[in-house]
S.K.: 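Here you go, one structure.
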Amino acid sequence: MFLDDLPSPSRYDAVIIGAGPAGLACAMALAAARRRVLILESGGRDAVAGDHSVGYGHFSGGYWNAHWVRGLGGTSQAWTGWCTIPRPLDFDNPAIGVRWPVAHAALLPYWRRAAPILDHRAAFVGFEAPFLPGFLYRPVPTMPPTRFAEKFGAQLAASTDIDVVVDHPVLGLDSNAARSALTALTLQRRGSDARRRLEVTPAQAVVIAAGGMGNAQLLMLPREDGAPSVGNESGLVGRYLMEHPQFTLAGELATDAELDRLWPAGNDGAGMHVLVVEPRLAVERGLAAAGLQCSRKNTEHPMARFLSGARGRPHFHYEITVRAEMRPVEHNRVVPTVERDVFGLPRLAARCVLDAADYRSVEDTLRLLGETLMRLGRGRVRVNNDRLYLQVEGQGHTLGTTRMGEGASTSVVDGDCRVHGYANLFVAGSSVFPSGGYANPTITIVALALRLADRLAGKAAST
C-alpha cells in the first residue's frame with residue numbers, strides 16, 4: 001500500500017530504493033514469495049524527468065536528463081516498448097574483453113518471465129533465423145510500452161506485502177566499521193528540512209534500483225567523515241559509462257531477399273527487421289555487437305531498380321539504421337559535482353565519448369554485409385559516411401556505472417548483483433551491465449531483477 005510517512009524498517013525483509021522497472025519487478029517477485037518489502041521513491045506518484053546532470057562528449061546533460069526519470073514507474077514512463085535479448089556472444093565477446101559473471105543460459109528462464117510483465121510474447125523475444133552465410137535475421141518485437149505505474153499502481157495500493165513511500169529521496173548511506181553491511185539510510189521528505197535515519201540489519205536486504213545514473217549517484221554519496229562512499233571503496237562506481245549509439249540511415253541495402261517473408265510465423269505483432277553477424281564471424285573479424293535495422297522497403301529505389309533489371313528478379317531497397325555497442329572504458333564515467341539537484345542529491349557530470357574502434361566496428365559490419373551480398377550475387381550495401389561518423393545519436397540507455405564482475409578490483413557488484421564486501425547491499429538495473437551488446441536493455445533489467453528476487457528469497461542457487 002502507499003504510505004504517507006516512513007514506517008519502522010524492522011518489519012520488512014527488504015528495502016528497495018527506486019520504483020522503476022527494476023525496483024517494482026524485484027518487489028513484486030519478493031511479495032509473491034511472501035516477503036515484506038518497503039519501496040522508497042525519491043519522486044512522486046507522477047514520474048518526471050529532471051535536471052540531474054551535465055554532460056560532456058557525444059551526449060549532453062540534457063540528453064541524459066531526458067532519460068533519467070524519477071517517480072513511480074521510473075524510466076518505464078519514457079520507454080518505447082522495444083524488447084530483445086542479448087546473444088550469448090554479448091556475454092563474452094573477445095572484441096570487448098569483458099565476460100559477464102552470469103551465464104546466458106541462466107537468464108533464459110528470467111527473460112521468459114520478464115516478457116509478460118512487459119506485455120511481450122516470450123516466444124518471439126530473441127527469435128533468430130538464417131539470412132545469409134555469416135548473418136542472422138533477428139527481428140525486434142515492438143509493442144506499446146508498458147507504463148509500470150499504470151499497470152501495477154492498483155496492485156501496489158492493495159498489497160499487504162509491499163509498502164511504498166514516495167517523495168523521500170535517500171541522501172545518505174551508512175555502514176558498520178568493517179564495511180561488511182549497510183546499517184542505515186538517511187532520508188528527507190521533499191519540501192522539508194527534517195531528515196530521518198532508518199536503521200537496517202545485516203539480515204535485511206537493501207536494493208538500490210534508482211536507474212543507470214541514480215544507482216551510481218547513491219553509491220557516490222559523500223560521507224560526513226570524508227571516508228570513501230559506501231559501496232565505492234574500489235573507486236569504480238560511476239566508471240565504464242556506456243550508451244547504445246545509434247547511427248540513423250548509416251547505410252542502404254538492396255537485396256533480392258524480401259525481409260517481410262522472414263518475419264516469424266505466428267507473430268502477428270509489430271516489429272523491426274534486424275540483421276546481425278553470426279558469432280563465429282563476429283569473433284573472427286573482431287566485431288562489437290551491432291543490429292542493422294532494415295526499414296522502408298522500396299522496389300522503386302534506383303539501387304533496387306538497377307539490380308532488378310540486371311539480375312532479372314525483384315530486388316528491394318531498405319534503409320539501414322545501426323544500433324551498436326560501445327566498448328566499456330574507464331574514462332567514460334559520471335562524477336558528483338558540488339551542485340545539488342531538486343531532490344537534494346549531488347548533480348552528476350557525465351563524460352561519454354565513442355572511440356575510433358566503436359565507429360570502425362560499425363563500418364566494418366556494414367562493409368562485411370555488402371561484401372557477402374556481392375560475393376553471392378544477392379545485392380549491394382552503401383555506407384553513408386557522414387551519417388555514420390558525424391551524426392551519432394543515443395537510445396536513452398544508461399549502462400555500466402556499477403558493473404558486475406568477479407572481483408572488487410574490476411567491478412562493483414558480483415554475479416548476484418551484491419555489492420562486493422557487503423552482506424546486505426544489492427544493485428538492480430542496467431548500471432550492472434559489464435558490457436552493452438546492442439539489445440535494448442529493458443527486458444534484461446527486469447530479468448536480472450527477478451533473478452535477484454529469487455536469490456533474496458532463497459529460491460535459487462547462484463549460477
Side-chain angles (χ1 to χ4, degrees), residues 17-23 42-43 47-71 73-80 82 86 90 98 145 148 208-220 236-246 289 323-337 341 343 345-354 358 392-404 411-413 417 427-446 448-449:
I17 305 171
S42 61
V48 295
D51 187 19
H52 314 300
S53 67
V54 294
Y56 303 93
H58 284 103
F59 307 102
S60 69
Y63 173 81
W64 298 111
N65 290 331
H67 305 286
W68 185 353
V69 182
R70 292 190 185 274
T75 53
S76 74
Q77 304 307 102
W79 183 48
T80 57
W82 298 359
D90 298 330
V98 177
F148 274 56
I208 297 177
M213 291 283 199
N215 289 346
Q217 187 183 46
L218 290 175
L219 289 178
M220 291 189 292
L236 291 177
V237 172
R239 299 178 187 269
Y240 301 100
L241 172 64
M242 296 175 288
E243 238 289 359
H244 280 140
Q246 176 173 297
R323 296 183 177 87
E325 178 172 28
M326 281 185 68
R327 287 168 173 79
V329 291
E330 191 172 0
H331 62 250
N332 283 333
R333 61 184 299 193
V334 296
V335 296
T337 70
D341 64 19
F343 296 90
L345 291 155
R347 291 183 76 207
L348 299 182
R351 181 181 186 273
C352 192
V353 178
L354 278 70
D358 295 323
V392 63
E393 303 169 309
Q395 295 188 74
H397 303 160
T398 308
L399 314 168
T401 57
T402 64
R403 66 190 332 217
M404 67 165 67
S411 59
V412 177
V413 302
C417 297
V427 180
S430 59
S431 67
V432 306
F433 290 20
S435 61
Y438 80 92
N440 298 73
T442 302
I443 192 168
T444 301
I445 290 170
V446 174
L448 285 170

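For reference, positions follow the sequence shown, starting with 1. Heavy-atom basis, side chains included; hydrogens, waters and symmetry copies ignored.
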S.K.: What's the separation between atom OH in Tyr240 and atom CZ in Arg327, rounded to the nearest 0.5 Å?
M.R.: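 It comes to 15.0 Å.
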S.K.: Check Asn332, Val329, Asp358 against Val353 for a side chain to side chain contact (heavy atoms under 4.5 Å, CB included) and give me the one that passes.
M.R.: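 Exactly one option meets the side chain to side chain contact (heavy atoms under 4.5 Å, CB included) with Val353, and it is Asn332.
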S.K.: Between the main-chain N or O of Gly396 and the side-chain N or O of Tyr63, is there a donor-acceptor pair closer than 3.5 Å?
M.R.: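 Judged by distance alone, yes, a pair lies under 3.5 Å.
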S.K.: State, yes or no, whether a side-chain contact exists between Gln246 and Gln395 at a heavy-atom distance under 4.5 Å.
M.R.: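 They are in contact (side-chain heavy atoms under 4.5 Å apart), so the answer is yes.
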S.K.: Would you say the side-chain atoms of Glu243 pair up with the backbone N or O of His397, donor to acceptor, closer than 3.5 Å?
M.R.: yes
S.K.: Residues two or more places apart in sequence or in another chain: which of them pass side-chain hydrogen bond (donor to acceptor under 3.5 Å, both in side chains) with Thr75?
M.R.: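 Per chain and number, Thr75 pairs via side-chain hydrogen bond (donor to acceptor under 3.5 Å, both in side chains) with no residue.
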S.K.: For His244 and Leu399, what are the C-alpha separation, side-chain angles and deciding distance, and is it a side-chain contact (heavy atoms from CB on, under 4.5 Å)?
M.R.: CA-CA 9 Å; His244 280 140; Leu399 314 168; 3.8 Å; yes
S.K.: Apply side-chain contact (heavy atoms from CB on, under 4.5 Å) to Thr442 and list each qualifying residue two or more places apart in sequence or on a separate chain.
M.R.: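 Trp79, Leu118.
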S.K.: Please name all residues satisfying side-chain hydrogen bond (donor to acceptor under 3.5 Å, both in side chains) with Arg403, sequence neighbours left out, ordered by chain then number.
M.R.: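 If we apply the side-chain hydrogen bond (donor to acceptor under 3.5 Å, both in side chains) test to Arg403, skipping adjacent residues, there are no hits.
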S.K.: Walk me through it: do Leu236 and Glu330 pass the test side-chain contact (heavy atoms from CB on, under 4.5 Å)?
M.R.: CA-CA 8 Å; Leu236 291 177; Glu330 191 172 0; 4.3 Å; yes
S.K.: To the closest 0.5 Å, what do you measure between CZ (Phe343) and CZ (Arg70)?
M.R.: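 Spacing of CZ (Phe343) from CZ (Arg70) equals 5.5 Å.
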S.K.: Write down the atom of Ala47, the atom of Gln77, and the distance for their closest heavy-atom approach.
M.R.: CB-CG, 3.5 Å
S.K.: Could you tell me whether the side chain of Val427 reaches within less than 4.5 Å of the side chain of Met404, counting heavy atoms only?
M.R.: no
S.K.: Using the side-chain contact (heavy atoms from CB on, under 4.5 Å) criterion, which residues pair with Arg333? Sequence neighbours excluded.
M.R.: Arg239, Val335
S.K.: Measuring only between side-chain heavy atoms, which start at C-beta, is Met220 closer than 4.5 Å to Thr401?
M.R.: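 Result no, sub-4.5 Å side-chain heavy-atom pair not found.
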S.K.: Name all residues meeting the side-chain hydrogen bond (donor to acceptor under 3.5 Å, both in side chains) criterion together with Ser76; count only those two or more places apart in sequence or in a different chain, and write none if there are none.
M.R.: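 Partners of Ser76 under the side-chain hydrogen bond (donor to acceptor under 3.5 Å, both in side chains) test: none.
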S.K.: What verdict does the side-chain contact (heavy atoms from CB on, under 4.5 Å) test give for His67 and Phe59, after you've listed the backbone C-alpha separation in whole Å, the side-chain angles of each residue and the deciding distance to 0.1 Å?
M.R.: CA-CA 12 Å; His67 305 286; Phe59 307 102; over 6 Å; no
S.K.: Considering all heavy atoms of both residues, which atom of Ser430 and which atom of Gly212 are nearest to each other, and what is their separation?
M.R.: OG-CA, 4.1 Å
S.K.: Run the side-chain contact (heavy atoms from CB on, under 4.5 Å) test against Ala289 and tell me which residues pass, sequence neighbours left out.
M.R.: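 Partners of Ala289 by the side-chain contact (heavy atoms from CB on, under 4.5 Å) criterion, ordered by chain and then number, come out as Asp90, Glu325, Tyr438.
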S.K.: Under the criterion side-chain contact (heavy atoms from CB on, under 4.5 Å), I'd like the reasoning laid out for Asp341 against Leu348: C-alpha separation, chi angles, the key distance, then a yes or no.
M.R.: CA-CA 9 Å; Asp341 64 19; Leu348 299 182; over 6 Å; no
S.K.: Can you name the side-chain contact (heavy atoms from CB on, under 4.5 Å) partners of Thr398, sequence neighbours left out?
M.R.: Trp64, Met213, Leu241
S.K.: Looking only at heavy atoms, which two atoms of Pro434 and Pro328 are closest? And how far apart?
M.R.: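 Heavy atoms only, the tightest pair is O-CG, 3.7 Å.
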S.K.: For residues Asn215 and Ala428, report the shortest heavy-atom separation together with the two atoms involved.
M.R.: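 Looking at all heavy atoms of both residues, the closest pair is ND2-O, 3.1 Å.
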S.K.: Which atom pairs, one a donor and one an acceptor, fall under 3.5 Å between side chains of residues 48-58 and the rest of the protein, sequence neighbours left out?
M.R.:
from: Asp51; atom 1: OD1; to: Asn65; atom 2: ND2; distance (Å): 3.3
from: Asp51; atom 1: OD1; to: Arg347; atom 2: NH2; distance (Å): 2.9
from: His52; atom 1: NE2; to: Gly50; atom 2: N; distance (Å): 3.4
from: Ser53; atom 1: OG; to: Asn65; atom 2: OD1; distance (Å): 2.9
from: His58; atom 1: ND1; to: Leu354; atom 2: N; distance (Å): 3.0
from: His58; atom 1: NE2; to: Tyr359; atom 2: OH; distance (Å): 3.0

S.K.: Measuring from atom CD1 of Ile208 to atom CG of Leu219, what distance do you get when rounded to the nearest 0.5 angstrom?
M.R.: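 Rounded to the nearest 0.5 Å, the CD1-CG separation comes out at 4.0 Å.
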S.K.: Any pair with a residue in residues 429-439 that passes salt bridge (Lys or Arg N to Asp or Glu O under 4.0 Å), sequence neighbours left out, goes on the list, sorted by first then second residue, please.
M.R.: none
S.K.: Please list all pairs passing the salt bridge (Lys or Arg N to Asp or Glu O under 4.0 Å) test where one or both residues lie in residues 427-440, with sequence neighbours left out.
M.R.: none
S.K.: If you take all heavy atoms of Pro21 and Val446, which pair is closest and at what distance?
M.R.: CB-CG2, 4.2 Å
S.K.: Could you tell me which residues satisfy side-chain hydrogen bond (donor to acceptor under 3.5 Å, both in side chains) with Trp82, sequence neighbours excluded, listed by chain and number?
M.R.: none
S.K.: Which heavy atom of Cys417 sits nearest to which heavy atom of Val432, and what is that distance?
M.R.: SG-CG2, 4.3 Å
